[in-house]
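Just so it is clear, the values below take in all heavy atoms, side chains as well, and ignore hydrogens, waters and symmetry mates.
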Amino acid sequence: MEHIRIRQYQENDFNRIQELNQQEGWSNLVEKNEDTKEAWNHSNVSLVVEADGDGIVGYIRGFTDTRITIYICELLIDKKYRGSGIGKKLLQYVHAKYPSTRMELLASSISHTFYEGQGYRPFYGFRKTFEE
């Protein structure tokens, strides 16, 4: 794996984050551009991963109360870098910053095997938007 660096999100990273979202087909985040940007600006877990020569190749965004729960909203790694351990490293990095917390996140039908492979267990939950 090329040399990577995890660092805090900066507002000028947002366009690249949206490129990654677009490539992944996460159209809701792309279409709600201003809301997505505000979400990044108000998240206390907001990190990007840079790889030598390629710039930002992944990110993690979420929030935490720093004592009980970390909730991961999005974790995305550029397809070119998947399988190289970056996602695992990001999850470990965030959890190590808040070791007394439990980490909660949602997984897709595709990503659930990744999380299970990292020792995460499924749990039952609900979701509803205001309009529903």
A.B. asks: Would you give me the side-chain donor-acceptor pairs under 3.5 Å for residues 28-38, sequence neighbours excluded?
C.D. replies:
from	atom 1	to	atom 2	distance (Å)
N33	OD1	Q18	NE2	2.9
T36	OG1	L29	O	2.7
T36	OG1	K32	O	2.9

A.B. asks: Flag yes if V94 and V57 sit in one hydrophobic cluster, no otherwise; membership is Ile, Leu, Val, Met, Phe, Trp, Tyr, and two members link when side-chain heavy atoms are under 4.5 Å apart.
C.D. replies: yes
A.B. asks: Is there a side-chain contact (heavy atoms from CB on, under 4.5 Å) between I60 and Y9? Walk through the geometry before answering.
C.D. replies: CA-CA 9 Å; I60 192 168; Y9 162 79; over 6 Å; no
A.B. asks: Is it the case that one hydrophobic cluster holds both L75 and I86, taking links as side-chain heavy atoms less than 4.5 Å apart, direct or via other members?
C.D. replies: yes
A.B. asks: Could you state whether Y115 and L47 fall into the same hydrophobic cluster, counting links through intermediate Ile, Leu, Val, Met, Phe, Trp or Tyr residues with side-chain heavy atoms under 4.5 angstrom apart?
C.D. replies: yes
A.B. asks: Kindly state each residue pair satisfying ring-ring contact (aromatic ring centres under 6.0 Å, His included) with at least one member in residues 85-108, sequence neighbours excluded.
C.D. replies: none
A.B. asks: So does D54 pair up with K80, basic N to acidic O under 4.0 Å?
C.D. replies: yes
A.B. asks: Sort and list the pairs that fulfil salt bridge (charged side-chain N to carboxylate O under 4.0 Å, His left out) and have at least one residue in residues 57-68, not counting sequence neighbours.
C.D. replies: R61-E74
A.B. asks: I need the L105 CG to M103 CE distance, nearest 0.5 Å.
C.D. replies: 7.0 Å
A.B. asks: Any link between I70 and F114 through a network of hydrophobic side chains (Ile, Leu, Val, Met, Phe, Trp, Tyr) touching at under 4.5 Å?
C.D. replies: yes
A.B. asks: Should T69 and T64 be marked as a side-chain contact (heavy atoms from CB on, under 4.5 Å) after you check the CA-CA gap, both sets of side-chain angles, and the distance that decides it?
C.D. replies: CA-CA 6 Å; T69 305; T64 183; 5.8 Å; no
A.B. asks: Would you list the pairs meeting salt bridge (charged side-chain N to carboxylate O under 4.0 Å, His left out) in which at least one residue belongs to residues 104-114, sequence neighbours left out?
C.D. replies: R102-E104
A.B. asks: Report the C-alpha separation of R7 and D13 in whole Å, then their side-chain angles, then the decisive distance to 0.1 Å, and conclude whether the side-chain contact (heavy atoms from CB on, under 4.5 Å) test is met.
C.D. replies: CA-CA 11 Å; R7 66 166 173 80; D13 299 329; 2.8 Å; yes
A.B. asks: Can you tell me which residue pairs pass the salt bridge (charged side-chain N to carboxylate O under 4.0 Å, His left out) test with a partner in residues 110-125, sequence neighbours excluded?
C.D. replies: none
A.B. asks: Linking Ile, Leu, Val, Met, Phe, Trp and Tyr by side-chain heavy atoms under 4.5 Å, what else ends up with F63?
C.D. replies: Y71, L106
A.B. asks: Can you get from Y59 to Y81 by hopping between Ile, Leu, Val, Met, Phe, Trp and Tyr side chains that sit under 4.5 Å apart?
C.D. replies: no
A.B. asks: Looking only at non-hydrogen atoms, find the nearest pair between I77 and R82 and report the distance.
C.D. replies: O-NE, 2.8 Å
A.B. asks: Is the shortest side-chain heavy-atom distance between V49 and L90 below 4.5 Å?
C.D. replies: yes
A.B. asks: Give the C-alpha distance, both sets of side-chain angles, the deciding distance and a yes or no for side-chain contact (heavy atoms from CB on, under 4.5 Å) between E50 and I4.
C.D. replies: CA-CA 5 Å; E50 291 180 318; I4 64 160; over 6 Å; no
